[in-house]
Protein chains: 4
Amino acid sequence: MAKGDKQEMIIDAALEVFRERGYANARMADIARRAGVSYGLVYHYFGSKEVLFDLIVETWWNDLYSMMNAEKASSDAFRDKLIHIIRFFLDTYVQRPNLISIFVSEVCRSSVYHTREGLARFLKFFSLCEEIMLEGQQKGYLKKDIPPHHLTYIFYGAIETFISVMVLGKEPLTKKRQERAVNAIMEVFMDGAKAA
Amino acid sequence: MAKGDKQEMIIDAALEVFRERGYANARMADIARRAGVSYGLVYHYFGSKEVLFDLIVETWWNDLYSMMNAEKASSDAFRDKLIHIIRFFLDTYVQRPNLISIFVSEVCRSSVYHTREGLARFLKFFSLCEEIMLEGQQKGYLKKDIPPHHLTYIFYGAIETFISVMVLGKEPLTKKRQERAVNAIMEVFMDGAKAA
Amino acid sequence: MAKGDKQEMIIDAALEVFRERGYANARMADIARRAGVSYGLVYHYFGSKEVLFDLIVETWWNDLYSMMNAEKASSDAFRDKLIHIIRFFLDTYVQRPNLISIFVSEVCRSSVYHTREGLARFLKFFSLCEEIMLEGQQKGYLKKDIPPHHLTYIFYGAIETFISVMVLGKEPLTKKRQERAVNAIMEVFMDGAKAA
Amino acid sequence: MAKGDKQEMIIDAALEVFRERGYANARMADIARRAGVSYGLVYHYFGSKEVLFDLIVETWWNDLYSMMNAEKASSDAFRDKLIHIIRFFLDTYVQRPNLISIFVSEVCRSSVYHTREGLARFLKFFSLCEEIMLEGQQKGYLKKDIPPHHLTYIFYGAIETFISVMVLGKEPLTKKRQERAVNAIMEVFMDGAKAA
DNA sequence: GATGAATGAGAGTTCATTCAT
DNA sequence: TATGAATGAACTCTCATTCAT
């Protein structure tokens, strides 16, 4: 068996166990058993529970930043950028449900993660989001009387709640529901919920 | 010292400790020390860590349900109901910061709290929110092509993110900032962020 | 059972276990079992293996320093001071064999104990010893051409080896043997081993 | 690279690591890393940590016994034999500091080494020393009223303490200091510290 | 009501050793 | 000869909870 295989098996097992039990209640023994490797091998490769967890979380943030940077740099229409961001979260929910569950349950609000470093991660994401909102304002797509960080909170908050509800309810996400969610968020965010 | 005093001191201490360290890392000994009582007494009154935590969380949910029911039953203008809901969260942040921090960090996303009961709490709140949104649609205030639960997620998501950012950044909330937040959420939710 | 009782029982058990197995191989479980208390109680009182060990070692050093200071301050004849020092070690061997075994096996040479603090302990003792030797030189009892620290090493080395051999061989020490040891050390140290 | 090279590199690395961390805290992985080989190779050559340690200690004892036997058999003056013994220890300190540090810290007092075999090693050395002392008495160089084993303890104790102090303080040993140490030990041991 | 001594299951981590390649 | 992945027993320490006083 190749070296990479077992490392990946451990990561996959960790994703499952951290999602199911949360960081605090996840046992390294569970992860090892789930991965089908011995107790010590998890430590051989990852050193500690915290390192293993951080590695997983790191993955998430890097993916998120990559996507955000790509959107920022992209020449797509402003409206499409927002749609891409929403879709990124929904796609991740479909393709990597464990990862996004961990993000929702263990990272985005966890007091355990409220360290300086944890805060910095968020600020970096919000900052990228704000830049896109600012661009939207400058190009005349968005109202200028609402500060970009407020726009960010409202836009991101909508996405996060959609995701959280699905995580909580362990709901499947069909293509159809996905599109409805995108449309709902975009319509309300851009045009408002008020009846014409 | 009256009986009630010590019980309250323990609850207050628990609020602080749960907020500072999170449920998993909070020690009963910490709570007892903070309250200035022996840890036997904490058990005497509250039975277990879980019961103590649930009691606190119960407080939050009951306050939230009361407010929501009051708004539902109220004859206030629809727009004002939404404003009242936003203000409830922001006021709680100002007046009971520990309580809302615990809600944000330990309840609303915590996998620990993802029990059937935890889910039910949320669904009840969302259900109340949906009823208000539905009323808004029926009375002609809100668009009818967006399902009420979607409206709920977007509206509540915006509020929760505002609160979460403040909790994470331990930011103070002045009256002025409070009003700006209310206005930003209301304007985007009702009229959208799109430039005219 | 009084509080002090169990603490003392744990200390006594620790003395035995540390002597029998050495610091590194002593298990906290052994100490608890030997003391007839639960595992957790050892931690309740002493916090960690290291703290428990340090407490024991501290006892030894404090006794040693007290004795040395008393001798330094005493108005006894110089020769008697040396005898008292030798007797202190031999008496401790008889009365607190575990303590002196731990000193010999785990402290006086242990690399584990070669921290800055460990070194300081020794230097303090040697320093007290040197002061006595210096006094002996100044009062005309000892040759002045040998530096006091060399006198210290030779005098103390003789004592320590006597003790170590007994510890290693687990030899009993009768009054008679004790006196012979005192006499041998004193005679060689003061008058030399050379035949007249 | 020749076979012998790697074996030697491992032994040298082991000397360093055992000295720095002590037997209990030395890790086979440390030794392998220090030697620049995989830790499988350490096992390939030496079988176990204990075997590797014993091999090193064996080296020391054999050198010591060889020296002692040579002195016993030698036709040198009695006084010179004692000087040679002292010099052997001091020279080893200069030439093989790791070896003598391990002896001082991990062997001569270590409870880990208080096995039957460990005791036997010592007794053999003391026995050789006693024979020399006895010879000194029989030839009229040493007083006959002090048992040879007592003379041994005092003589050896002086040497060991000099060495130990240097090991503890990681002191360098110049030729000059070496001679002063030899003279101090010889003068006190033979003629006593008492002022004329 | 009130205390804190006492318990012990459980979790993370270490590291000597084995073994397939 | 040489590697380092893989194993798992052993050990320290934590902390919710119980209970005698």
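Source: prediction; values computed, not measured. In what follows, every heavy atom counts, from backbone to side chain, and hydrogens, waters and symmetry copies are set aside. Every chain is numbered from 1, with letters handed out A, B, ... down the list of sequences.
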Side-chain N,O ([X]) to OP1/OP2 ([N]) below 4.0 Å:
| X | N | answer |
| --- | --- | --- |
| B:Ser38 | E:dG4 | no |
| D:Tyr45 | F:dT1 | yes |
| A:Lys6 | F:dA6 | yes |
| D:His44 | F:dA2 | no |

Value in whole Å for how far the [atom2] atom of [N] lies from [atom1] of [X]:
| X | N | atom1 | atom2 | result |
| --- | --- | --- | --- | --- |
| D:Arg27 | E:dT13 | CZ | P | 15 Å |
| B:Arg33 | E:dA2 | CZ | P | 19 Å |
| B:Phe18 | F:dA16 | CZ | C1' | 12 Å |
| C:Ile10 | E:dA5 | CD1 | C1' | 10 Å |
| D:Met9 | F:dT1 | CE | P | 15 Å |
| D:Phe46 | E:dA16 | CZ | C1' | 16 Å |
| D:Asp30 | E:dA16 | CG | P | 8 Å |
| A:Asp5 | F:dA6 | CG | C1' | 14 Å |

Side chain of [X]: nearest nucleotide among [options]?
| X | options | answer |
| --- | --- | --- |
| A:Lys49 | E:dC15, E:dT13, E:dT17 | E:dT13 |
| D:Leu41 | F:dT3, F:dT17, E:dA16 | F:dT3 |
| B:Tyr39 | F:dT12, F:dT18, E:dA16 | F:dT18 |

Any idea how D:Trp61 and D:Phe125 line up, ring-wise: parallel (<30°), tilted (30 to 60°), or perpendicular (>60°)?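 If you compare the ring of D:Trp61 with that of D:Phe125, the planes turn out tilted.
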Give none if E:dA20 has no partner; otherwise give the nucleotide forming a Watson-Crick or G-U wobble pair with it, both distances under 3.5 Å.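 WC or wobble partner is F:dT3.
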Under a 3.5 Å cut-off for both contacts, is E:dA11 paired Watson-Crick or G-U wobble with anything, and if yes, with which nucleotide?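 Pairing partner: F:dT12.
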In terms of the nearest nucleotide of DNA chain E, which residue is placed more toward the 5' end: C:Val37 or A:Gly40?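 Its nearest nucleotide lies further toward 5', so the answer is C:Val37.
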Quick check: on DNA chain E, is the nucleotide nearest A:Ala26 upstream (toward 5') of the one nearest B:Val42, or the reverse? Name the residue that is more 5'.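 So the residue in question is B:Val42.
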Tell me whether D:Lys6 forms a cation-pi arrangement with D:Tyr45, defined as NZ or CZ under 6.0 Å from the six-membered ring centre and within 45 degrees of its axis.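 No, D:Lys6 and D:Tyr45 do not form such a contact.
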Here's one to test your reading of the geometry: is the NZ or CZ of B:Lys49 within 45 degrees of the ring axis of B:Tyr23 and under 6.0 Å from its centre?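 Yes, B:Lys49 and B:Tyr23 form such a contact.
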Does the salt bridge (Lys or Arg N to Asp or Glu O under 4.0 Å) test come out yes or no for A:Asp12 and A:Arg34, once each step is laid out? CA-CA 9 Å; A:Asp12 287 345; A:Arg34 187 77 60 103; over 6 Å; no
Below 4.0 angstrom, N of the basic side chain to O of the carboxylate: do B:Glu16 and B:Arg21 qualify?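 No.
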So, does the side chain of B:Tyr43 form a donor-acceptor pair with the base of E:dG4 at under 3.5 Å?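 Donor-acceptor pair under 3.5 Å: no.
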